[in-house]
Amino acid sequence: MFLFTDFLELIRKEINTEIPEVVPEDLTMGQDGYGDISARLIKYLINREDAGDACEKIMGRVKALEFVSEVSMTNNYLNVWIRPEHVFRALKESIDSTGMFPDVFQEPERISVEHTSTNPTGPLHIGRARNSVIGDSLARLKKRVGYRVTTQYYVNDSGKQMMSLYFGYEKFHKNEKPTIPMLLDGYIKTYRYFEETGSEKEVEELMERYERNDSDLISKVRFVAGIMLDGISADLATIGIKIDEYTWESEFIATGETGTVMERLSADLHEENGARYIDIPGLRKIYVQRRNGTSLYITRDIAYHMYKFSQYDHCTVVVGEDHREHGKIMKYIMNDLLEYTNTLSFVYYAYVNLETGKMSTRKGTSIPMISVYEKLKEKSMEELKKRYGDGADAKTAEKIAASSFRYHLLKFNPTKPVTFRWEDALDFNGDTAVSIMYSMVRASGILNKVSNEGAIPNMENFPESEKSLLLLAYIYPYKLMDAAKSDKPEIIANYAFMLSTAFTRFYEDVKISEQAPEIKNRQLETVKIFRTIIEDACNIIGIMKVDKL
RNA sequence: GGGCGCGUGGCCAAGCUUGGAUAUGGCAACAGCCUCCUAAGCUGUAGAUCAGGGGUUCAAAUCCCCUCGCGCCCGCCA
């Protein structure tokens, strides 16, 4: 996966000669105020008679490592101080030779990340955008650690909501040239019409025709859905998200794949009044075919996953928390019933609420992602004008808007419900994309304005602020591995903010342009290291690079 | 009713997977810092019964049980 000098492993090897049970998780770096690296040995030492002896030996061995300057043993923790020049060199060598830290090599696994997959019944709203932001960052993260990644959007064009969209167009706007606002209007009116008439019969009929593979209807529905979908893709593009593959759910009906699903599941099928279901241990009956022989959502989703498994070794799906049970069922069906060895994982997120309550496209209470983006752009432009007057750059405002939007939705643990507040979304201070971008701009400013005078860099006298920055930069590979392993892109978002803060402290602490040439040259390299890593991390979480702020 | 998720300073979060040394940040508040590589920044002060109770352990924000509060799911919908 990664190729880099692993100081933690080198220390662990020395510890293992005395305490073989110590695992990588027992060592932490730069996480607390004790040593640069700390090894938690208490649980191995507590019942050991020769603990003192073992510690003495470990300290001697670790101290002898070339990159270690000091060791101590406090409260059964081994604290190790690192010579910053070794960290500096490890970072610099990687960046000089490969342009990145850590260096990566390609993994053989092919991974699919499915995200967004919203019914194309309206523009992307901020709730769904949370899905997109998480999914896209996850895909970028998996790519960064070496996987071959494809992003996917599963277009649900065969359910009640899609039929309602089509029905709304036919009933309220027939023969007009369809546009997104018009379709949305028809959709909202349709739901009101259902409420007034107390019947959804017309749409149910359409659903049945659709299920029966009525090609004329399918092409008409697809046409209407396609207009909405183009709008969604355009919305996604404004925040830097491109989806590699769109798969239409109706395909699986048209090609007969849902029939294949029934065949493959035949050994596990039960029948009730002509409908078919499977039993999931500890759960209710899960119906996979209606009495009238048509397929259900889960049937088509199984067909979709059979397709995905034919192309990818691992599939990750980002879905709302209301799909938790569905996810569990899918895993059981794919791995236990259909006996696939491909792996399937789900990332669940809680919905975005408004202070006034829930969002709903059909009730017209959702906030479109694009309107938040526009407001962000507007506010960025105001701020830029304060600084540059007429020289304010609209492209920069767009990048600020896209980055801020993404960061705002990504930085929190997806399991926590978030309440969208305009004042928070439009804040550019503190833990925000802008302050991270600002640190990059400052780094670039230094590199552009302060020149290297050719002296041999001094490898001593690292100020604390520089050392902290280097140590934090150095733990990037661990953060990447941690985030990729646990499907948590927010770890990278939190890290990016920490790293940018460490840089800003260094920046405030040391005036690089005024340093002696041999210090200055080293510190310019430190800035370059920071810029390389922060750009790398920002690329994963979708924060864009700007020249000026 | 059953299942799942969440509960950390006034507000918003990190930490929980793998129990261990002073619970980490941001916003808001207060006090400072721009003739100096961009102050959308930095420094400092104040602010926490880690929802409550019980248990396991030498050690619990972290693991287990119970209670409370909030959210989600429990369809031949998607």
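Values below: all heavy atoms of this structure, side chains included; hydrogens, waters and symmetry mates excluded. Reminder, nothing fancy here: chain letters follow the sequence lines and each chain counts from 1.
B:U8 sits 15 Å from B:G71 when the P atoms are compared, rounded to a whole Å. Remark: the separation of the C1' atoms in B:U18 and B:G53 is 27 Å, to the nearest Å. The gap from the C1' atom of B:C65 to that of B:G20 amounts to 23 Å, rounded to the nearest Å. If you take atom C1' in B:A46 and the same atom in B:U38, they sit 31 Å apart, rounded to whole Å. Comparing B:A39 with B:C33, their C1' atoms are spaced 9 Å from each other, to the whole Å. Comparing the same atom, C1', in B:A48 and in B:G25 gives a spacing of 14 Å after rounding to whole Å. Spacing of P atoms, B:A51 relative to B:G15, comes out at 15 Å, to the nearest Å. The gap from the C1' atom of B:U56 to that of B:G19 amounts to 11 Å, rounded to the nearest Å.
Taking only side-chain nitrogens and oxygens, A:Arg284 never comes nearer than 4.0 Å to OP1 or OP2 of B:C73. A sub-4.0 Å separation between OP1 or OP2 of B:A21 and a side-chain N or O of A:Arg40 is absent. Here A:Lys449 reaches the OP1 or OP2 of B:U38: one of its side-chain N or O atoms lies under 4.0 Å away. Put simply, A:Arg276 has no side-chain N or O that comes within less than 4.0 Å of OP1 or OP2 on B:C76. Side-chain nitrogen and oxygen atoms of A:Arg442 include none within less than 4.0 Å of the OP1 or OP2 phosphate oxygen of B:A40. Within the 4.0 Å cut-off from OP1 or OP2 of B:C72, at least one side-chain nitrogen or oxygen of A:Lys358 is found. Put simply, A:Arg290 has a side-chain N or O that comes within less than 4.0 Å of OP1 or OP2 on B:C77. The side chain of A:Lys416 places an N or O atom within less than 4.0 Å of a non-bridging phosphate oxygen (OP1 or OP2) of B:A14. Taking only side-chain nitrogens and oxygens, A:Tyr348 never comes nearer than 4.0 Å to OP1 or OP2 of B:C4.
Using a 4.0 Å heavy-atom criterion, one finds that A:Lys285 contacts no nucleic acid atom at all. In this structure, A:Leu78 reaches neither bases nor backbone, as no heavy-atom distance under 4.0 Å exists between it and the strands shown. No contact: A:Val203 has no heavy atom under 4.0 Å from any strand.
Following rounding to the nearest Å, A:His323 (NE2) and B:A78 (P) show an atom-to-atom distance of 11 Å. One interatomic measurement links the two molecules: CG of A:Asn413 to C1' of B:C6, which rounds to 9 Å at whole-angstrom precision. One interatomic measurement links the two molecules: NZ of A:Lys548 to P of B:U38, which rounds to 11 Å at whole-angstrom precision. Between A:Tyr44 atom OH and B:C58 atom P the separation is 18 Å, expressed in whole Å. Atom CD of A:Glu382 and atom P of B:A40 are 15 Å apart (whole Å). For A:Ile286 and B:C74, the CD1 to P distance is 10 Å, given to the nearest whole Å. One atom, CZ of A:Arg324, and another, P of B:G3, lie 16 Å apart when rounded to the nearest Å. Counting to the nearest Å, the C1' atom of B:U18 and the CD1 atom of A:Ile491 are 14 Å from each other.
Counting only heavy atoms from C-beta on, A:Arg421 has its side chain closest to B:C12 among B:C12, B:A78, B:G19. Set against B:C73, B:C76, B:A78, the side chain of A:Glu211 has B:A78 as its closest nucleotide. Distances were taken from every side-chain heavy atom of A:Asn429 (C-beta onward) to each of B:C72, B:A40, B:C76; the shortest belongs to B:A40. Among B:A40, B:A13, B:G19, the nucleotide with an atom closest to any side-chain atom of A:Phe428 is B:A40. With distances taken from any side-chain atom of A:Tyr77 to the nucleotides B:C76, B:U18, B:A21, the minimum falls on B:A21. Nearest to the side-chain atoms of A:Tyr388 among the listed nucleotides B:U38, B:G41, B:G5 stands B:U38. Ranking B:C76, B:A14, B:C73 by closeness to the A:Glu325 side chain, first place goes to B:C73. For A:Asp427, counting side-chain heavy atoms from C-beta on, the closest listed nucleotide (B:A21, B:U38, B:C27) is B:C27. Listed nucleotides B:G26, B:C37, B:C77 differ in distance to A:Val450; the shortest reach to its side chain belongs to B:C37. Nearest to the side-chain atoms of A:Glu321 among the listed nucleotides B:G41, B:C37, B:C72 stands B:C72.
No cation-pi contact links A:Lys358 to A:Tyr351, judged by a cut-off of 6.0 Å to the six-membered ring centre and 45° from its axis. In this structure, A:Lys285 is positioned above the aromatic face of A:Tyr277, its NZ or CZ under 6.0 Å from the six-membered ring centre and within 45° of the axis.
Stacking between A:Tyr438 and the base of B:G41 is absent under the criterion of ring centres within 5.5 Å and planes under 30 degrees.
Counted within 6.0 Å of CG on A:Asp482, heavy atoms from surrounding residues, nucleotides or ligands total more than 12; the atom is thus considered enclosed. Heavy atoms of other residues, nucleotides or ligands lying less than 6.0 angstrom from CD of A:Glu49 number 12 at most. The environment of A:Lys328 atom NZ is sparse: at most 12 non-hydrogen atoms of other residues, nucleotides or ligands sit within 6.0 angstrom.
Taking the six-membered ring wherever Trp is involved, the centroid distance between the rings of A:Phe405 and A:Tyr373 does not fall below 6.0 Å.
Residue side chain A:Asn79 reaches the base of B:A21 through a donor-acceptor N/O pair under 3.5 Å, judged by distance alone. Between the side chain of A:Thr432 and the base of B:A40 there is no donor-acceptor pair of N/O atoms closer than 3.5 Å.
B:A61 is unpaired under the criterion used here, namely a Watson-Crick or G-U wobble arrangement in which both key atom distances are under 3.5 Å. Pair check for B:A29 finds B:U45; Watson-Crick or G-U wobble, both atom distances under 3.5 Å. Pairing for B:G75 is absent, judged as Watson-Crick or G-U wobble with the two contacts each under 3.5 Å.
Aromatic ring orientation, A:Phe252 versus A:Tyr304: tilted (interplanar angle from 30° to 60°).
A:Arg300 is listed as a side-chain neighbour of A:Ile253, based on a closest heavy-atom distance under 4.5 Å.
Inspection of the A:Tyr44 and A:Asp26 side chains reveals an N or O donor paired with an N or O acceptor under 3.5 Å.
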